[in-house]
Amino acid sequence: VLVDLPSADGRRAILEVHARGKPFATDVDLDRLADGTAGRSGADLADLINEGAIVAARAARPLVTQSDLEEGHLRVLAGPEKRRSPLSEEERRIVAHHEAGHALVAELCTSQDKTHRLTIKPRGLAAGLAVTASRDRALHSAQHVHERLMVLLGGRAAERTVVGHVSSGAANDLEQANALARRAVTELGFSPRAGQLVQGLSGRPLRLAESTH
């Protein structure tokens with residue numbers, strides 16, 4: 001059975017279900033969490049609440065705070081924060097400029113979600129993390145896709161501008177950007193040169209010529 005990802009109202013209801021019986025502080029705002037977790041499944045939201053409660057318990061706090069839940073969200077996204085950074089001081093500087101590049105481009109692009117939290121503390125496989133307050137979207141314009149590509153490559157551009165070269169830290173950004181650019185051309189018809197051609201129809205690939213005349 002295919003179940004769609006929940007809307008903001010659905011996420012709010014799911015968070016309420018998993019919040020029952022947990023001692024929350026007065027600063028906890030489930031509406032804010034629901035608004036900033038677009039694209040998260042019900043299981044992700046359950047993990048968010050549980051991880052937040054674990055953070056509070058390990059700190060011997062009797063109440064779960066908003067910051068605990070936001071930390072839980074980061075753990076769901078990228079894993080727990082590493083106690084010791086494997087990066088050198090110069091590498092930390094590169095990561096800082098890289099993540100700042102993502103945030104700066106997002107601020108300058110009118111169609112993009114703004115950065116909610118920025119960190120250079122390593123988590124999982126990520127040397128740094130830029131978390132956006134994602135909104136629900138059913139439709140994507142060509143402008144939105146183009147600016148999303150700009151945000152994805154903003155970290156790489158910042159490295160080149162500030163440091164003078166790019167690092168391997170942009171590998172995941174390139175993977176996401178290439179996948180999005182290919183979809184924009186082959187599925188969404190956003191390329192003026194390729195036109196309104198699609199690569200597949202009803203799940204079946206179409207045979208396309210190498211060039212058009």
Side-chain angles (χ1 to χ4, degrees), residues 1-87 91-92 95-96 98-100 102-103 106-107 112-138 140 148 151-152 155 169-173 175-177 179-180:
V1 178
L2 180 63
V3 179
D4 291 334
L5 293 172
S7 63
D9 289 339
R11 293 192 299 274
R12 178 66 165 82
I14 292 171
L15 288 170
E16 284 183 347
V17 168
H18 294 289
R20 290 173 187 165
K22 292 183 174 61
F24 281 172
T26 56
D27 70 334
V28 170
D29 188 345
L30 294 184
D31 288 325
R32 179 182 175 187
L33 284 174
D35 289 339
T37 50
R40 307 287 170 245
S41 67
D44 290 334
L45 298 173
D47 287 344
L48 183 160
I49 296 290
N50 291 332
E51 288 290 347
I54 290 172
V55 170
R58 287 179 175 172
R61 283 192 297 273
L63 301 177
V64 181
T65 66
Q66 183 75 11
S67 62
D68 293 330
L69 295 177
E70 290 179 355
E71 171 63 22
H73 187 200
L74 289 179
R75 290 188 174 204
V76 170
L77 288 175
E81 181 181 309
K82 293 182 178 179
R83 294 185 178 181
R84 294 184 180 180
S85 173
L87 304 177
E91 288 174 326
R92 286 168 61 83
V95 171
H98 181 103
E99 300 303 336
H102 288 308
E107 287 293 327
Q112 297 301 297
D113 299 322
K114 307 311 176 187
T115 303
H116 175 65
R117 187 168 178 178
L118 204 63
T119 178
I120 61 169
K121 294 180 179 179
R123 290 176 177 273
L125 299 177
L129 199 63
V131 182
T132 59
S134 303
R135 294 173 290 173
D136 293 293
R137 282 189 176 87
H140 300 276
R148 177 59 185 158
V151 173
L152 285 169
N172 183 253
D173 297 335
E175 182 180 344
Q176 292 185 61
L180 178 58

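In this chain, numbering begins with 1 at the start of the sequence shown.
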Item to complete: Begin with the C-alpha distance, continue with both residues' side-chain angles, and end with the deciding distance and a verdict on side-chain contact (heavy atoms from CB on, under 4.5 Å) for Arg148 and Gln176.
Response: CA-CA 10 Å; Arg148 177 59 185 158; Gln176 292 185 61; 4.0 Å; yes
Worksheet, complete the sentence: Of all heavy-atom pairs linking Asp173 and Gly169, the shortest is OD2-O, 4.5 Å
Worksheet item: Is there a donor-acceptor pair closer than 3.5 Å between any side-chain N or O of His102 and the backbone N or O of Val151?
Response: yes
Practice prompt. Please assess Asp31 against Arg12 for the test side-chain contact (heavy atoms from CB on, under 4.5 Å), listing each intermediate value before the final yes or no.
Written response: CA-CA 6 Å; Asp31 288 325; Arg12 178 66 165 82; 2.5 Å; yes
Practice prompt. Report yes if some heavy atom in the side chain of Ile49 is under 4.5 Å from a heavy atom in the side chain of Phe24; otherwise report no.
Written response: yes
Worksheet item: Which pair of non-hydrogen atoms, one from Ala8 and one from Asp35, has the smallest distance, and what is that distance?
Response: CB-OD1, 4.1 Å
Response to the item:
For Thr115 and Ala106 the tightest heavy-atom approach is OG1-CB, 4.3 Å
Response to the item:
Interatomic distance, CD@Glu175 vs CG@Leu152, rounded to 0.5 Å, equals 11.0 Å
Worksheet, complete the sentence: Heavy-atom closest pair (Pro23 atom, Pro62 atom, distance to 0.1 Å) is CG-O, 3.4 Å
Item to complete: Mind running side-chain contact (heavy atoms from CB on, under 4.5 Å) on Arg123 and Arg75 for me, showing each step along the way?
Response: CA-CA 8 Å; Arg123 290 176 177 273; Arg75 290 188 174 204; 3.9 Å; yes
Response to the item:
Nearest heavy-atom approach of Pro6 to Ser41 is CD-CA, 4.3 Å
Discussion item. Could you check whether any side-chain heavy atom of Arg11 comes within less than 4.5 Å of a side-chain heavy atom of Leu30, counting everything from C-beta outward?
Written reply: no
Worksheet item: How about Thr119 and Glu81: do any of their side-chain heavy atoms sit closer than 4.5 Å?
Response: no
Discussion item. Do Arg32 and Gln66 make a side-chain contact, defined as non-hydrogen atoms from C-beta onward lying under 4.5 Å apart?
Written reply: yes
Response to the item:
The side chain to side chain donor-acceptor pair (under 3.5 Å) partners of Arg92 (sequence neighbours excluded) come to none
Discussion item. Could you go through Asn50 and His18, starting from their C-alpha distance and side-chain angles, then the distance that decides it, and tell me whether this counts as side-chain contact (heavy atoms from CB on, under 4.5 Å)?
Written reply: CA-CA 8 Å; Asn50 291 332; His18 294 289; 5.7 Å; no
Worksheet entry | Gap between atom CG of Leu45 and atom CD of Glu16 - 0.5 Å precision | 12.0 Å
Practice prompt. For Asp47 and Asp44, indicate whether the former's side chain and the latter's backbone hold a donor-acceptor pair under 3.5 Å.
Written response: no
Worksheet item: Looking at CD of Glu70 and OG1 of Thr37, how far apart are the two atoms once the value is rounded to the nearest 0.5 Å?
Response: 11.5 Å
Discussion item. With a 4.5 Å cut-off on side-chain heavy atoms, are Leu129 and Leu118 touching?
Written reply: no
Worksheet item: Are any of the side-chain heavy atoms of Glu51 and Asp68 separated by less than 4.5 Å?
Response: no
Fill in: Nearest-0.5 Å distance, CG of residue Leu33 to CD1 of residue Ile14
13.0 Å
